[in-house]
Structure formats: structure tokens, C-alpha cells
Q: 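Attaching a single structure in C-alpha cells format; questions to follow.
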Amino acid sequence: MGFLQTNIPFPSIDIGLGVAEGPGDVAVTLQVLLLLTILSLAPAIVTLMTSFTRTVIVLSLIRNALGTNQVPPNQVLIGLALFLTAFIMAPSFGVVYTDALVPYLAGELALEEAWQIGIEPLRDFMLRNTREKDLEMFVAMRGEERPQTPDDINTLTLIPAFVISELKTAFQLGFVIFVPFLVIDMVVASTLMGMGMMMLPPVMISLPFKILLFILVDGWHLIVRSLLISFS
């Protein structure tokens, strides 16, 4: 029982209001609050400013087209979408890490400078995948002048334009995915009606054929490859 008598130090946390001894204390406090705010917004940043939106929608539409209900489960689809997002965004995240985060942690850049440098790779990615028509709509709705260069585009204007562009692209890919499975459903339904088996649900018969078709064409490979090419 000797280990019970050992003095184990426990960390303490003290949160409160006090008088700052100088402007530096206030700046550090504001930086901590800003960092906590960014961390709280991290899920939205990952979801809306990267390839995650298009990827997870396409993967979900595949499952709906197959008609397999919850197979693959949501955890698998979201996990796959996250890893594909990390793979697609690796060049951009690498630039953010080397050019912004590392110099900021080393004290070579101020927070504002690190933010400006770090947001540029994400802006470039969003600009490459944003339709001009969507961007023009948000610029006009905000009453801004027509931007002459990409640097003139406000980030808060670019993000929603990028999101709706991603939604349109994802549903376009989803439509292409749905067509062959829809053909199988129509053929099976017509065959059952011709045989007088109207009480038999066509889904029960078409599901094995759709899974077999998806396996024969190596569907997951084709879908993931198409997603990667769509961002290149």
C-alpha cells in the first residue's frame, strides 16, 4: 500500500478576470480566444472549404443508388470521405503547414500574417472549383464591384459560392451514377409485370443484380478515381 502514500501532483486550472500588466497580456488573451474560436469552427471549415462536401454526397448517392439502405454504414462513408479529403487536400494543407503554421509557432510571423498566408492555398483550391456564375451571384448580392483579380474576391463571398458549386457538381456525378442502376430497376420491374408477379417487390430482385454489376465493374475503384480526377 506504499503507492497510496506517494504524493502525485495534480494540475490545476485557473480561469478568471484580472488586471493586465501590459498590452502583451491582452494580445495573448485575444490570441487564445481566437484560437479557440477557430477550433470550434474547424468542423465547418473541413466540411465547407475542402473536398469533403462533394465526396460525402457522391458516396451517399452510391449507397442510395444501390438500394442497400445502411450498407455501408454512415461511419464508413464519413471515414472514407475524410481520408479522401485528406488525400486530395494534402498539397494545400502542406503549404499551410510549412508557410504559415511553422513560422507562426517559431515566432517569425504575426497572427494576421500567418492567417493571410495560410488561407491562400484554400482560396486557390476553392477558386479552381467554383463556377463563375455562382461567384458572380454572391458578388452582386453583396453589392461589391466586379473583382479584377482573384485577390479582390472576399473570402466570405467565395465560400458560399464554392459550396453551391460543389453541391451542383456532386449531384451531376450522382445522376451519372444513378442511370445504370435505374435501368436495372426498370428492366426488372417490366419483367415482373410481364410475368404477372405484381405483388413481388422489384427491389428484392434488382438488388442482387445491382450489387453484381457494381462488383463486376469494380465500382468503388471507378467512383473514387472519378472523384480524384474531378479535383485535379
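Throughout, residue positions are numbered sequentially from 1 according to the sequence presented.
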Q: Check the orientation of Phe125 and Phe231. Use parallel for under 30°, tilted for 30 to 60°, and perpendicular for over 60°.
A: parallel

Q: As an exercise, state the distance from CZ of Phe178 to CD1 of Ile62, rounded to the nearest 0.5 Å.
A: 10.0 Å

Q: In this structure, would Val96 and Phe87 fall into the same cluster of hydrophobic residues linked by side-chain contacts under 4.5 Å?
A: no

Q: Quick one: do Trp220 and Leu227 end up in the same hydrophobic cluster if we chain Ile, Leu, Val, Met, Phe, Trp and Tyr together by side-chain heavy atoms under 4.5 Å apart?
A: yes

Q: Looking at Pro121 and Ser92, what are the two nearest heavy atoms and their distance?
A: CB-O, 3.7 Å

Q: Please test Thr169 against Arg131 for side chain to side chain contact (heavy atoms under 4.5 Å, CB included), starting from the C-alpha separation and ending with a verdict.
A: CA-CA 10 Å; Thr169 303; Arg131 291 178 173 81; 3.1 Å; yes

Q: Is there a side-chain contact between Ile119 and Met126, using heavy atoms and a 4.5 Å cut-off?
A: no

Q: Minimum heavy-atom separation for Ala170 and Leu61, please, with both atom names.
A: O-CD1, 4.0 Å

Q: Could you give the distance from CD1 (Ile57) to CG (Leu77), rounded to the nearest 0.5 Å?
A: 12.5 Å

Q: I need the Arg128 CZ to Ser165 OG distance, nearest 0.5 Å.
A: 14.0 Å

Q: Could you grab the distance from atom CG of Leu156 to atom CZ of Phe138, nearest 0.5 Å is fine?
A: 11.5 Å

Q: Ignoring hydrogens, what is the shortest heavy-atom contact between Ser51 and Thr85? Give both atom names and the distance.
A: OG-CA, 3.5 Å

Q: Treat each ILVMFWY residue as a node, draw an edge where side-chain heavy atoms are under 4.5 Å apart, and state whether Val56 and Ile164 are in one component.
A: no

Q: Could you tell me whether the side chain of Lys210 reaches within less than 4.5 Å of the side chain of Asp185, counting heavy atoms only?
A: yes

Q: Output the distance between atom CG (Leu48) and atom CD1 (Ile159), rounded to the nearest 0.5 Å.
A: 8.0 Å

Q: Where do Ala114 and Ala100 come nearest, in terms of heavy atoms and distance?
A: O-CB, 3.5 Å

Q: Minimum heavy-atom separation for Ile117 to Asp99, with atom names?
A: CG2-O, 3.7 Å

Q: Residues two or more places apart in sequence or in another chain: which of them pass salt bridge (charged side-chain N to carboxylate O under 4.0 Å, His left out) with Glu136?
A: Arg146

Q: Out of Thr53, Thr130, Asp134, which one pairs with Phe162 under the side chain to side chain contact (heavy atoms under 4.5 Å, CB included) rule?
A: Thr130

Q: Nearest 0.5 Å, what's the CG-CZ distance between Leu222 and Phe214?
A: 8.0 Å

Q: Applying side chain to side chain contact (heavy atoms under 4.5 Å, CB included) to Asn74 and Arg63, what does each step give before you reach the verdict?
A: CA-CA 10 Å; Asn74 291 330; Arg63 185 175 64 182; 2.9 Å; yes

Q: Is Ile211 close to Thr68 at the side-chain level, that is, under 4.5 Å between some pair of heavy atoms?
A: yes

Q: Test of understanding: with salt bridge (charged side-chain N to carboxylate O under 4.0 Å, His left out), list the residues that count as partners of Arg123, not counting sequence neighbours.
A: Glu120

Q: For Asp152, enumerate each residue passing the side-chain hydrogen bond (donor to acceptor under 3.5 Å, both in side chains) test, keeping only those at least two apart in sequence or located in another chain.
A: Thr149

Q: State yes or no: do Val95 and Leu122 share one hydrophobic cluster built from I, L, V, M, F, W and Y residues joined by side-chain heavy-atom distances below 4.5 Å, directly or via other members?
A: no

Q: Are Leu182 and Phe171 connected into the same hydrophobic cluster when the rule is that any two of I, L, V, M, F, W, Y join if their side-chain heavy atoms are below 4.5 Å apart?
A: no

